[in-house]
Amino acid sequence: MDQFYQNPPTYELLCNKVQQMKNTYPHMRNFSIGKSVLGRKIFALGIGNLKNATLFVAAIHAQEWLTCMLVTHFLEDLCYHEQNQKPLFDTNLTDMFAERGLIVVPMANPDGVEIALNGAASAKHLRRQVDRMLTASTRSWQANARGIDLNHNFNAGFQELKAMERAAGITRPCERQFGGYTPQSEPETRALVHLCLGLNIKKLLAFHSQGEEIYYSYGPNTPKNAKMIADALKASSGYQVKNPTGLASHGGLKDWFINHTHRNGFTIEIGKGENPLPISDLPGIYHKLREMMFISLLI
């Protein structure tokens with residue numbers, strides 16, 4: 001593995017990795033879907049037929065940065081096999097990618113990841129606000145630079161979620177679990193919404209940590225085959241199919257995607273332990289999820 005997979009993924013390391021992959025795999029598409037609160041680009045990387053694409057989104061929560069490394073590794077794995085005309089899981093990737101594609105957003109919350117890894121100073125002009133919001137080490141930082149938890153900011157059961165936040169004493173921007181004052185108020189959230197709608201994304205996997213769980217449903221617009229697909233992902237990974245509870249039950253990217261598009265969306269909670277999961281967990285997690293991620297492109 002190269003340096004990117006041996007160190008926590010700072011924004012600078014991700015920028016360098018994206019450029020390296022673009023140079024190595026010229027058929028891979030690289031574009032920005034928007035910018036963060038602090039002006040950092042939110043990268044999207046694509047391979048195959050992007051008119052019929054599955055979307056992987058990682059590092060929505062800052063301290064869950066291992067997800068960024070996981071999905072980048074998988075995309076690089078696909079690019080390598082496709083470019084060198086090597087089958088993967090007995091599948092001809094050239095043929096597969098003529099019909100379907102994959103878009104990866106490896107770091108949906110670049111400001112938050114920078115705060116989690118490099119402290120409040122990385123928040124530039126918002127440094128003092130971040131300092132005031134901190135209750136512990138920035139290692140536990142989950143939100144974006146404005147103290148909005150992006151996976152509570154999507155327009156899916158937003159008022160119900162706000163009532164739950166108030167009941168839990170969460171009433172203003174902080175390091176985790178405050179979803180903002182209005183849905184989709186954050187540029188990072190809006191960038192993901194516009195990507196899903198603009199490219200007519202067919203299926204979504206949102207990667208979080210931790211718990212080794214798969215969430216597949218949200219309300220009456222959950223597709224009828226969602227549980228069947230979730231069970232297939234379970235069979236290939238050993239993860240458990242569950243329903244989120246409490247503050248995790250509304251306002252998420254998966255929730256909005258299912259509710260708005262009536263298409264399949266899944267949250268994959270990778271690994272087990274305490275966030276942030278250590279880099280040493282990455283090889284084992286990748287080995288466990290490689291087939292599952294591949295199957296998710298086919299069903």
Side-chain angles (χ1 to χ4, degrees), residues 18-19 21-35 41-58 60 68 70-108 154-156 184 187-207 216 218 221-226 228-230 232-233 253-268 290-299:
V18 168
Q19 187 59 52
M21 289 177 66
K22 182 61 180 173
N23 293 340
T24 306
Y25 307 109
H27 60 289
M28 184 194 80
R29 263 66 58 86
N30 163 28
F31 53 99
S32 170
I33 65 170
K35 292 185 176 181
K41 288 183 180 179
I42 303 170
F43 293 108
L45 311 175
I47 184 173
N49 181 2
L50 302 190
K51 294 181 180 179
N52 183 29
T54 296
L55 174 64
F56 286 6
V57 180
I60 299 171
C68 169
L70 175 75
V71 299
T72 303
H73 188 7
F74 180 67
L75 178 62
E76 189 165 23
D77 201 356
L78 291 175
C79 288
Y80 171 81
H81 281 79
E82 198 271 343
Q83 182 160 293
N84 291 282
Q85 298 184 333
K86 293 184 176 183
L88 189 60
F89 297 109
D90 297 320
T91 302
N92 183 305
L93 296 188
T94 300
D95 292 344
M96 185 184 87
F97 284 131
E99 297 181 3
R100 65 194 71 210
L102 171 65
I103 297 172
V104 172
V105 176
M107 190 179 289
F154 289 88
N155 192 14
Q184 288 155 210
E188 300 93 342
T189 311
R190 293 193 299 272
L192 291 170
V193 167
H194 294 157
L195 172 64
C196 290
L197 299 181
L199 289 184
N200 196 25
I201 295 299
K202 301 302 190 292
K203 187 188 321 102
L204 165 79
L205 275 72
F207 289 83
Y216 69 93
Y218 186 78
N221 293 335
T222 303
K224 292 181 179 179
N225 66 344
M228 178 192 72
I229 296 175
L233 301 181
L253 172 58
K254 177 267 294 178
D255 307 329
W256 169 82
F257 185 81
I258 293 173
N259 196 51
H260 188 86
T261 69
H262 301 198
R263 293 174 177 170
N264 281 302
F266 304 90
T267 295
I268 312 296
R290 185 180 187 230
E291 182 183 65
M292 185 213 77
M293 290 187 285
F294 189 77
I295 286 173
S296 76
L297 305 180
L298 300 176
I299 56 178

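The residues of the chain are indexed from 1 along the displayed sequence. Since the structure is predicted, the reported quantities are computational estimates derived from the model, not experimental observations. Below, each value reflects all heavy atoms present in this structure, side chains not excepted, and no hydrogens, waters or symmetry copies.
Using a 4.5 Å heavy-atom cutoff, the side chains of Leu192 and Phe154 are in contact. Residues Ile201 and Phe257 have side chains in contact (heavy-atom distance under 4.5 Å, counting atoms from C-beta outward). Side-chain contact check for Phe56 versus Met293: some heavy-atom pair is nearer than 4.5 Å. Taking 4.5 Å as the limit, every side-chain heavy atom of Val193 sits out of range of all side-chain heavy atoms of His260. Looking only at side-chain heavy atoms (C-beta outward), Phe294 and Phe74 come within less than 4.5 Å of each other. Side-chain contact between Asn200 and Arg263 is present, with at least one heavy-atom pair separated by less than 4.5 Å.
Heavy-atom minimum distance, Phe266 versus Ala226: CE2-O, 3.8 Å. Between Ala108 and Ile42, the shortest heavy-atom distance links the atoms O-CD1, 4.0 Å.
With hydrogens and angles disregarded, a donor-acceptor distance shorter than 3.5 Å links the side chain of Asn84 to the backbone of Tyr80. When atom types are taken as modelled, the side chain of Lys203 and the backbone of Ser296 share a donor-acceptor pair closer than 3.5 angstrom. For the pair Asn221 (side chain) and Asn259 (backbone), a donor-acceptor distance under 3.5 Å is present. Under a 3.5 Å cut-off, the side chain of Lys35 and the backbone N or O of Ala191 do not form any donor-acceptor pair. Formation of a donor-acceptor pair under 3.5 Å by the Gln83 side chain with backbone atoms of Thr24 is found in this model.
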For a quick test of your reading: what N or O donor-acceptor pairs under 3.5 Å do the side chains of residues 93-107 make, sequence neighbours left out?
from: Arg100; atom 1: NH1; to: Leu297; atom 2: O; distance (Å): 3.0
from: Arg100; atom 1: NH1; to: Leu298; atom 2: O; distance (Å): 3.2

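Taking NZ of Lys86 as the reference point, atom CG of Asn92 lies at 14.0 Å (rounded to 0.5 Å). Atom-to-atom distance recorded for Asn30:CG and Lys22:NZ is 6.5 Å, nearest 0.5 angstrom. Residue Leu55 holds its CG atom at 7.0 Å from CG of Leu253, rounded to the nearest 0.5 Å. Separation of atoms OG1 (Thr267) and OH (Tyr216) is listed at 13.0 Å; rounding is to 0.5 Å. Met28 CE to Leu78 CG: the interatomic distance, rounded to the nearest 0.5 Å, is 12.0 Å. Residue Thr261 holds its OG1 atom at 10.5 Å from NZ of Lys202, rounded to the nearest 0.5 Å.
Among Asn264, Leu205, Ile299, Leu204, the one residue that satisfies the side chain to side chain contact (heavy atoms under 4.5 Å, CB included) test with Thr54 is Leu205.
Between His27 and Tyr25, the ring planes are perpendicular. Angles over 60° get that label, and only those under 30° would be called parallel.
Looking at His81 and Asp77, their side chains do bring a donor and an acceptor atom within 3.5 Å of each other.
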>> Is there a side-chain contact (heavy atoms from CB on, under 4.5 Å) between Arg290 and Leu88? Walk through the geometry before answering.
In response: CA-CA 10 Å; Arg290 185 180 187 230; Leu88 189 60; 2.9 Å; yes
